[in-house]
2 protein chains.
Amino acid sequence: MDQDLASTVAAFRAVMLTLKRAKTHDMMATVAGMRIDQPDAQVLIHLLDAGEPRRVGVIAQALHVESPHVTRTVNKLEGQGMLERVRDPEDGRAWRIGLTPKGTDVAQVCMRVHTEIFETAMSTWSPQDRADLTRLLGKLSTEMSAILEERLEKA
Amino acid sequence: MDQDLASTVAAFRAVMLTLKRAKTHDMMATVAGMRIDQPDAQVLIHLLDAGEPRRVGVIAQALHVESPHVTRTVNKLEGQGMLERVRDPEDGRAWRIGLTPKGTDVAQVCMRVHTEIFETAMSTWSPQDRADLTRLLGKLSTEMSAILEERLEKA
DNA sequence: TATTGTTATACTCTATAACTATA
DNA sequence: TATAGTTATAGAGTATAACAATA
């Protein structure tokens with residue numbers, strides 16, 4: 001049983017390591033014909049996933065980074081015509097960051113590239129196995145986020 | 001079905017983001033009472049997992065980083081008495097990097113801290129769900145590594 | 001006075017290039 | 001000449017601190 005747990009952690013770590021490294025991202029970006037770095041892709045994907053404009057602070061929280069990091073990424077992408085800033089009508093201090101049509105296109109490509117790797121890896125799986133992985137990873141994600149959030153607040 | 005896939009990728013990304021950030025690692029290290037950074041922990045865990053001394057190049061390949069990065073980490077850990085270098089008897093150019101007793105202790109703590117988070121997250125799961133996640137992540141890891149390795153070679 | 005975001009700066013992690021030594 | 005590893009350097013990614021503007 002404990003061996004199972006160790007295997008789970010090891011497998012997760014292995015996938016994470018392959019996805020995290022720069023070469024993997026570069027290869028994916030090249031395949032997609034884009035010149036874009038990892039933080040850019042994360043912001044774009046997040047906004048596409050959200051389906052509506054979001055504040056800098058909200059994006060930072062979702063990506064688990066500090067807001068200055070998001071500010072710089074947003075500035076760059078705004079300069080490239082992928083994002084646009086609009087004053088938040090309900091709070092004069094805040095902005096809403098939204099995807100432009102161009103940004104939406106690029107975000108979709110980014111998401112597609114990520115998805116495609118999983119799709120290929122699972123191409124021979126049974127529908128049951130696919131559904132199970134989705135369900136279990138969803139549970140794992142929810143519960144791990146809650147645990148870590150709680151512990152970080154304590155510390 | 002495609003929605004399933006998108007959810008899977010999103011869930012994986014969410015877990016990855018929480019684990020990757022510095023604050024999470026720092027919190028874990030503090031809980032474990034250690035002052036150790038992320039690359040250190042990765043090398044120690046890899047060697048513990050391997051169960052025997054390994055070459056620098058082999059470690060680098062397993063962690064998906066370049067060898068100079070491993071060299072520096074190993075130098076540091078050697079200076080702290082956690083690793084030891086022994087000339088490879090079969091190849092005078094190479095070294096075998098092994099855990100000292102102290103390094104083994106620290107590696108076990110590192111691994112335990114990681115494992116404990118997964119364990120807590122899955123504490124209420126059925127044995128079936130746990131076993132399924134282990135099996136499916138194992139498959140995913142194997143196939144994704146193969147795909148990415150193949151594509152990186154082509155590029 | 002607290003909060004949203006930005007600017008400025010520094011640190012961590014990782015990659016590339018140039019070199020040494022053995023094969 | 002090819003390979004294992006190291007040293008030196010540079011880059012990507014992220015955090016912290018100090019500040020501006022609005023609430």
Side-chain angles (χ1 to χ4, degrees), chain A residues 16-30 35-44 46 53-79 83-97 152 155, chain B residues 16-29 35-44 46 53-79 83-98 152 155:
Chain A
M16 200 169 141
L17 285 172
T18 59
L19 287 180
K20 210 177 60 172
R21 70 174 157 175
K23 270 186 188 168
T24 300
H25 175 82
D26 291 348
M27 181 270 288
M28 295 193 295
T30 303
R35 263 188 74 69
I36 198 167
D37 56 27
Q38 301 201 61
D40 295 349
Q42 283 180 2
V43 168
L44 291 173
H46 173 73
R54 287 278 166 96
R55 294 179 172 200
V56 167
V58 172
I59 298 171
Q61 204 167 10
L63 299 181
H64 299 293
V65 295
E66 302 301 319
S67 47
H69 187 44
V70 174
T71 293
R72 234 169 322 105
T73 301
V74 168
N75 284 346
K76 191 171 77 174
L77 292 174
E78 189 185 18
L83 296 180
E84 57 192 1
R85 273 189 172 83
V86 180
R87 270 288 175 201
D88 188 325
E90 294 169 359
D91 185 340
R93 294 168 303 184
W95 301 90
R96 301 265 175 188
I97 315 298
L152 285 173
Chain B
M16 201 170 141
L17 285 172
T18 59
L19 286 180
K20 210 177 60 171
R21 69 173 158 178
K23 271 186 188 169
T24 300
H25 175 82
D26 291 348
M27 181 271 289
M28 294 193 297
R35 263 188 74 67
I36 197 166
D37 56 27
Q38 300 200 61
D40 294 349
Q42 283 181 4
V43 168
L44 291 174
H46 172 73
R54 286 279 164 95
R55 293 181 173 199
V56 167
V58 172
I59 297 171
Q61 203 166 10
L63 299 181
H64 299 292
V65 295
E66 302 300 320
S67 48
H69 187 44
V70 174
T71 293
R72 234 168 321 105
T73 301
V74 167
N75 284 346
K76 192 171 76 175
L77 292 174
E78 190 184 17
L83 296 181
E84 57 192 0
R85 272 189 173 84
V86 180
R87 270 289 174 198
D88 188 324
E90 294 171 359
D91 186 340
R93 295 168 304 182
W95 302 90
R96 301 264 173 189
I97 315 297
L152 286 172

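The sequence lines fix the lettering, A, B, ..., with proteins before strands; numbering per chain opens at 1. Please read all numbers here as calculations on a predicted model, not as lab measurements. Keep in mind that the numbers below use all heavy atoms, side chains included, and drop hydrogens, waters and symmetry copies.
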Side chains of residues 90-97 of chain A: which donor-acceptor partners sit under 3.5 Å, not counting sequence neighbours?
unit_1	atom_1	unit_2	atom_2	d
A:D91	OD1	A:R93	N	3.0
A:D91	OD1	A:R93	NE	3.2
A:D91	OD2	A:R93	NH2	3.1
A:R96	NE	A:D88	OD2	3.1
A:R96	NH2	A:D88	OD2	3.0

Supply the atom-to-atom distance B:Q42 CD to B:I59 CD1, rounded to the nearest 0.5 angstrom.
12.0 Å
How long is the line joining CZ of A:R55 and C1' of C:dT6, in whole Å?
15 Å
Between protein and nucleic acid, restricted to nucleotides 18-23 of chain C and to nitrogen or oxygen atoms under 3.5 Å apart, what atom pairs and distances do you find?
unit_1	atom_1	unit_2	atom_2	d
C:dA23	OP1	B:G92	N	3.0

A:H46 side chain to A:A60 backbone, donor-acceptor under 3.5 Å:
no
Would you tabulate the side-chain donor-acceptor contacts of residues 61-72 of chain A under 3.5 Å, counting partners in other chains and residues two or more places apart, or write 'none'?
unit_1	atom_1	unit_2	atom_2	d
A:H64	ND1	B:R21	NH1	3.2
A:E66	OE2	B:K23	NZ	3.2
A:T71	OG1	A:S67	O	3.3

Measure CZ/A:R96 against P/C:dT4 and give the value in whole Å, please.
12 Å
Not counting sequence neighbours, which residues clear side-chain contact (heavy atoms from CB on, under 4.5 Å) with B:E78? List them please.
B:N75, B:R85
Provide the closest heavy-atom pair for A:T18 versus A:T24 in the form atom of the first, atom of the second, distance.
O-OG1, 2.6 Å
Atom-pair distance (CZ on B:R35; P on C:dC11), nearest Å:
13 Å
Could you check whether A:N75 gets within reach of a base, just the sugar-phosphate, or nothing at all, counting any heavy atom under 4.0 Å?
sugar-phosphate
Rounded to the nearest 0.5 angstrom, the CD1-CG distance for A:I36 and A:L77 is 6.5 Å
Roughly how many Å is it from CZ in B:R85 to C1' in D:dG5, rounded to a whole number?
9 Å
Using a 4.0 Å heavy-atom cut-off to protein, can you give one letter per nucleotide of nucleotides 10-17 of chain D, 5' to 3': B if the base is in contact, S if only the sugar-phosphate is, - if neither?
---SBBBB
Closest nucleotide among C:dT6, C:dG5, D:dA4 to the B:A94 side chain:
D:dA4
All heavy atoms of A:H25 vs all of A:D37, minimum pair found to be NE2-C, 3.4 Å
Between CH2 of A:W95 and P of D:dA21 the distance, given in whole Å, is 12 Å
